[in-house]
Engineer: 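I have a structure I would like to understand better, so I am pasting it below and will then ask my questions one at a time.
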Amino acid sequence: MIAEVGLFALVLALFVALAQATIPLVGAARGDVVWMNVDRPAAFMQFCLVTLSFGCLIWLHVTSDFSVLNVVENSHTDKPLLYKITGVWGNHEGSMMLWTFILVLYGLAVSIFGRDLPPGLRSRALAVQGLIGFAFILFILFTSNPFTRVDPAPPNGQGLNPLLQDPGLAFHPPFLYLGYVGFSMAFSFAIAALIEGRIDAAWARWVRPWTLVAWCALTLGVAMGSWWSYYTLGWGGYWAWDPVENASLMPWLAGTALLHSCIVAEKRDTMKSWTIFLAIITFSLSLLGTFLVRSGVLTSVHSFASDPTRGIFILVLLAVFTGASLALYAWRAPALKPGGLFAPVSREGGLLFNNVILSTAAGTVLIGTLYPLFVDALKLGKISVGPPYFNTVMVPLMAPLLVLMAVGPLLSWKRGDLPAALSRLKFALGATVMTVVATLAVAGLGSRNVWAAVGLGLAAWLLVGSLTEWAGRVRLFRDSLAGSFHRAVHLPRSAWGMTISHAGLALVLIGVTGSLAWRTEYLKVMHPGETASIAGYDVRFLGVEDNVQGPNFTAVRARFIVTKDGRYIQELNPERRMYANPQQPLSTVAIHTTFVNDLYVVLGDPDASGGFVVHIFHNPLIPLLFFGAVVMVLGGIVSLTDRHHRVGAPLSKLARVPRPAFALSAAVPIAAAAPAQGRRRTGWKHVVPLAGFVVLVGFLLARLYLVEEGFAPNFIPSVMIDRAAPSFDLEPLVAGQPGLSSASLKGHLTLVNFFASWCGPCREEHPVLSQLPKSVDLVGISYKDRPEDARAWLSELGNPYKTIGIDLHGQTGLNFGVYGVPETYLIDKNGVIRFKQTGPLTPAVIKRELLPVIAGLK
Amino acid sequence: MKLRLAVSALLLLLAASPAAFAIQPGEMLSDPTLEARARTIDKELRCLVCQNQNIDESDADLAHDLRLLVRKRILAGDTNDQAKQFIVARYGNYVLLKPPFDAETYLLWFAPVLLLLGGAGIAFVFYRGAARAQPEPLSPEDKARIATLMGEEKGA
């Protein structure tokens, strides 16, 4: 009953969304106020219906209603209540419900706070929001219905992956989606402005706080995910440039650029067309991330249950929304009036520089993430683009931005005085030099330390530079303390927010530098009573306690005593847990933190001698990274409380105050230049993004088609084709037969088949091996298998091989480039590899691929 | 073993057991300098059977074999590059997490520079456009005329 109510509410929400998407839009086009005013009630209705539906889903999970498939697949009665709730979005269907819920939440916010918006703008923006809601509800109903029933209902569910049963990950998705979906606000307003063909300071003023909300949430969401990965996964790191991680970084970079360009658009009524463009791109990157994560077109460690059908749907959504908005942009943006002039050295100039670098960074991450797919599609082979690439290109790209971040805020609008700004940065320069010298003096002159000194120096520059700007504003030490205090209290909150956020970034930079340069680790088998020494700490292993009972797991808990110079610091208890439902192991990390450095202990596998593998990391400065991210978010929140950003700022005030800037620039100087200007600006350049996007979608579609056709993205073609087979000389598996060596293959056309008794697909392949053409010799290599197991396997299934060699440790396999048995190589009479089959040979493969190669060799 | 930031948060259905760590003490070389080199190489090689991990962090059997192979090559006197090339010769460029600089990857490596130039180009066009849109500064004659007109207005 509850499930049906949820589904029914969702279907109703679909129709309301359709009404919200169309009626106000038509009304705005016709100037019909009654039709336009449908927007707010529709948004409210949609919110109520989606909330009801989402609430039903949560209720089903909380009450463990196992007649619903989604609950069966993701929940279990033993699960703590918190994870029954957060498990709702721990799966594809539920996470899309959360996505939609957050979308309608934003829609509700517009309808509440947007009462005083210009009605045309509000109706159109809400209509676009309605359209996005319509598309996503349709997506849920057609491909990802969370309310599907199962009959008969199983007695209990399959439970939730224990990795997800963690507070860090429980709240990571909601914040991430608040960020992704929050950028839909800027998007909707951008589309509304393009339809209206008008964008002014009031528009930017409206978009800014929403962008800021989304940015704060996304920053927090990404930081939370990173932190979770750090403290639960036991690898001591926090970011790995995985495609799915990149999918969240791209909208963050673009969103950060948008945040800054909004400031220019609002204060100086310029860079408007660019701001619109960024708003479109930021939300599109959010959608692209959703697509990449769920479609299975690329390989990632964070595999969502990927499904090409869903992939098609999301790709169509992406194509429609981004394609249509870029087309609208190409059509309308040239008509937007250009804004005020500014010198390259000015506040605007600094923010423009920020935008150029951040957009380049977002573009670089996009290209790096998709490049392997392009290379593959063009049949140029398989390549990987991993952390070393991103570190190499991103560091030099971001460094200039960090340098200028301290300078930009000191420049005045329109025309800045660079020498004056630089002279104000003398303290920052002093701090930088001192930091570099001190770092090198303390740490020594290794190449790592030099890099670390540069990183820390940059952080000092940014930190002190940001504080200098703040100090200048409150006239610190140039006025009485009371006077400075008074100024500080009355300093706009947005100015506070900027200082805090920039300082937070400096802290993040310190953390990144420390973790890259100075992380040390200890990895050994420890027996009870032994002590590990790392970074000045002594970590004594006392032993383990078995059978520690948790709510839904049993654990082996280790006891480590941490001392420093003989002084007791803390006891650490990393665990190896075995969860009951589902049966999954999980190791927990134990961390001793000084809030500057972390000592990070992971308990590994037991060994035969009664010891345990113990991995200890000393992670200097890492806590500052997470703390810095929180400080950045805090800065954003402080900025949000600025009166100026209050989203409900009444229209009357807006109409009175900011218009002059717009009116002046529009009416006075441009009036004369505009006609000619307008014609010249309707050139090709606004069409470029659309063209690029069409190519991208076409490409992704082709890729998706291949995935659906059964093409495996992780198939790696062999580089050994047409090269001499490696030399080997293996012992025979079957007593009495000769061994197998590369020399013995000369003069015959031979198929070398790597197999193992432990390999499932080998069993499946086995009958096919006896159907091979007689003109080819078939020999086997028993790969990483115990000879007696291999012999038993062959006596059970029959022995189709002429001879079999034993590759006990897989050395020969490595030389052949074997990465997963069964694999089969065709070697010609001269000992050259001519063909390779990865995975089982099938009659189809033999007929279509192998036989033509053999025929060609004859 | 690593998965780290789950953007989507969910579902990290991993082949490997969570929070184990791949490299094992038994695999390590006794010489810490050589072992440090081996670890550096491990982190630059991609595990072929995993979703997206380097061999240092992977629990896969193949990753274990490759780690041993790296150490064998180092003991045989290979430089880091030679050891990596040894594996590339068998498995192809796919194993390199930092792709080589060649015809296939020019676009990848030049991408940041091209994007930066593109961004700079947009900024330049923007400045030029904005500068054209601005009126000429007032000539002394214009200023004089304004003064006259203003005076007239005041007078009127």
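Naming: A, B, ... by sequence-line order, numbering from 1 per chain.
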Engineer: Could you tell me which non-hydrogen atom of B:Leu62 sits nearest to which non-hydrogen atom of A:Tyr819, and how far apart they are?
Structural biologist: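 Closest pair (atom of B:Leu62, atom of A:Tyr819, distance): CD2-CB, 3.5 Å.
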Engineer: For a 4.5 angstrom cut-off between non-hydrogen side-chain atoms, does B:Leu116 reach A:Ile357?
Structural biologist: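 In short, these two side chains touch, coming nearer than 4.5 Å.
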Engineer: Looking at every heavy atom in both A:Thr364 and B:Leu115, which two are closest together, and how far apart are they?
Structural biologist: N-CD1, 3.4 Å
Engineer: Taking every non-hydrogen pair under 4.5 Å, which of A:Leu352, A:Asn815, A:Val385, A:Ile383 racks up the most with chain B?
Structural biologist: A:Asn815
Engineer: Heavy-atom cut-off 4.5 Å, strictly under: side chain, backbone, both or neither for A:Pro574 against chain B?
Structural biologist: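 Neither part, no heavy atoms under 4.5 Å.
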Engineer: Where on A:Glu521 is there a heavy atom nearer than 4.5 Å to chain B: the side chain, the backbone, both, or neither?
Structural biologist: side chain
Engineer: By a 4.5 Å heavy-atom criterion (distance strictly below it), what part of A:Leu814 contacts chain B: side chain, backbone, both, or neither?
Structural biologist: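 Contact with chain B: backbone and side chain both.
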Engineer: Can you tell which of A:Pro344, A:Gly168, A:Gly289, A:Gly363 has the highest number of heavy-atom pairs within less than 4.5 Å of chain B?
Structural biologist: A:Pro344
Engineer: Can you name the nearest heavy-atom pair linking A:Val356 to B:Ala120, along with the distance?
Structural biologist: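 Smallest interatomic distance, heavy atoms only, reads CG1-N, 4.2 Å.
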Engineer: Which atom pair, heavy atoms only, marks the closest approach of A:Val719 to B:Gly92?
Structural biologist: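 A:Val719 and B:Gly92 have their closest heavy atoms at CG1-CA, 3.3 Å.
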Engineer: Tell me, do B:Trp109 and A:Thr392 make a side-chain contact under 4.5 Å, heavy atoms counted?
Structural biologist: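 Yes, side chains in contact.
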Engineer: Which atoms of A:Ala343 are under 4.5 Å from chain B, going by heavy atoms: the side chain, the backbone, both sets, or neither?
Structural biologist: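 For A:Ala343, the backbone is the part near chain B, not the side chain.
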Engineer: Mind ranking B:Ile87, B:Asp65, B:Asn93 by heavy-atom pairs under 4.5 Å with chain A and telling me who comes out on top?
Structural biologist: B:Asp65
Engineer: Can you tell if the side chain of B:Leu107 reaches within under 4.5 Å of the side chain of A:Tyr371, non-hydrogen atoms only?
Structural biologist: yes
Engineer: With a 4.5 angstrom heavy-atom cut-off, could you sort out which part of A:Met394 is near chain B: side chain, backbone, both or neither?
Structural biologist: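 Neither part; nothing is under 4.5 Å.
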Engineer: Minimum heavy-atom separation for A:Tyr389 to B:Pro99, with atom names?
Structural biologist: CB-CD, 4.0 Å
Engineer: Could you tell me whether the side chain of A:His809 reaches within less than 4.5 Å of the side chain of B:Leu68, counting heavy atoms only?
Structural biologist: no
Engineer: If you take all heavy atoms of B:Leu108 and A:Gly368, which pair is closest and at what distance?
Structural biologist: CD1-CA, 3.9 Å
